[in-house]
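Below: one structure, written as structure tokens.
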2 protein chains.
Amino acid sequence: MEQTTSEKILDVAQSLVVAGGYNGFSYADISDAVGIRKASIHHHFPTKAELVQVLVDRYTQRAESGLKSLREHVPGPVEQLQAYLDYWQKCILDASEPFCVCAMLAAEIQMLPEPVAAHVRRHFENLAAWLTSVLKAGVEKKLFRLARSPEEEAQILMASVHGAMLSARALGDPSLFAAIVGPQVARLKA
Amino acid sequence: MEQTTSEKILDVAQSLVVAGGYNGFSYADISDAVGIRKASIHHHFPTKAELVQVLVDRYTQRAESGLKSLREHVPGPVEQLQAYLDYWQKCILDASEPFCVCAMLAAEIQMLPEPVAAHVRRHFENLAAWLTSVLKAGVEKKLFRLARSPEEEAQILMASVHGAMLSARALGDPSLFAAIVGPQVARLKA
DNA sequence: GTTCAGCTACCTACTAGTAGGAAGACAAAA
DNA sequence: TTTTGTCTTCCTACTAGTAGGTAGCTGAAC
């Protein structure tokens, strides 16, 4: 158990956000799950807004470095894209992280504290940029043949991923994610 | 002023749900917007769960009859599909209803009262069924050429629509909806 | 004369957040 | 070596405000 209390709080808070969004959890919920008092959570994260901000920041940083390492360590663009989708497929199937934190928060973005909203927005921009660069690389190597610009196709792909998460959740069918996202990748291949 | 108080309450509640989800509004918010006391809202809708259940029921019924009348009054399947998407494009552009109530609630479905969750699920099923039937009709008339089964393509389309709403909201760019959804329809056309 | 729709006034439970103290860890000073 | 001070972490106890919900009353309408 090498995990600090702060990290435990963030982990619990993240899974609570994934389950019910910003207004779907309270310090009391975290308190119960972590096993410390509410006031102790305030010691680590003075306000809820700060807590979620740190949480989102950690999430986007992890995502960014994860995506970066995919680009570095996975052989080709097709495989890189597939690895990204496989990651989510696994998370959804084993219910370990059945929804993207930022997708969840994006739905409520209108009533999020501005700093949090800004971080959520940035995650969408980063993800779109990553997908764009993967698609571009694939086009250059004649592995992808796109009907639209890489930027547009990246937006389409990102929307499909988030929409697929939502459908899988709404209909209670985790396999729906792959059923939706799979064909979208297939049609890009040259 | 032909609108009943119940309808005013439902309208306000619906726009609040669209903005912030189930946990993103309170009876006090409705009270302020409608101009009656909290207790009076409880007269019309004893509990919050009932209020949202009625709200979702009204929404799904309206959607169902709206989609049905599209099928009856719009000439061809291609135009029917486009009319559905144009409806949302307009709602998002003029911010009158910038998100689907059921898509919003689907994100929080895990912590929704079960009756509400069931209604949300049913809306997803209905919408998928409608899209499937439109695609099937289009295939028969050789207006659509699908890479997958109509059922699968309908799921893909539905996910794209919801994902496009989310991206448009997250990135604060209403035009993104059409940019994502447009190409998805284009590729279905024969 | 009952039903409807609103009201005032209230309740309990919970919200985020604060004040201030106890216990331990650690390092510098005696 | 002991003492002192500081820092960290967590605690109890509390606050003001808000959540959903209730009791019971008015006045108008059918």
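Chain letters run A, B, ... following the sequence lines, proteins first and then strands; every chain starts at 1.
Between B:I41 atom CD1 and C:dA5 atom P the separation is 15 Å, expressed in whole Å. Spacing between atom CZ of A:R37 and atom P of D:dC11 amounts to 6 Å, rounded to whole angstrom units.
Between the side chain of A:Q155 and the main chain of B:L176, no donor-acceptor pair closer than 3.5 Å is present. Remark: side-chain polar atoms of B:K8 are not paired, donor with acceptor, to backbone N or O of B:G35 under 3.5 angstrom. Judged purely by atom type and a 3.5 angstrom limit, B:K68 has no side-chain atom pairing as donor or acceptor with the backbone of B:W130.
The pair B:K90-B:E97 does not meet the salt-bridge criterion, since no charged nitrogen lies less than 4.0 angstrom from a carboxylate oxygen. The pair B:R121-B:E114 counts as a salt bridge, with a side-chain nitrogen and a carboxylate oxygen less than 4.0 angstrom apart. Checked for salt-bridge contact, B:E151 and B:K136 meet the test: a charged N lies under 4.0 Å from a carboxylate O.
Considering only side-chain N and O atoms, B:H44 lies nowhere under 4.0 angstrom from the phosphate OP1 or OP2 of C:dC4. OP1 and OP2 of C:dA5 both lie 4.0 Å or more from every side-chain N or O belonging to B:S40. The side chain of B:H43 places no N or O atom within less than 4.0 Å of a non-bridging phosphate oxygen (OP1 or OP2) of C:dG6.
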(request) Quick one, give me the B/S/- string for nucleotides 13-22 of chain C, reading 5' to 3', where B means a protein heavy atom under 4.0 Å from the base and S means that only happens at the primed atoms, P, OP1 or OP2. (result) --SBBBB---
(request) For nucleotides 25-30 of chain D, just jot down a letter per nucleotide in 5' to 3' order: B, S or -, based on protein non-hydrogen atoms under 4.0 Å. (result) ------
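The environment of CZ in B:R37 is sparse: at most 12 heavy-atom neighbours from other residues, nucleotides or ligands sit within 6.0 Å.
Side-chain proximity of A:T5 to the nucleotides D:dC10, D:dC11, C:dA5 is greatest for D:dC10.
Using modelled atom types and a 3.5 Å distance limit, the side chains of B:T60 and B:H123 yield no donor-acceptor pair.
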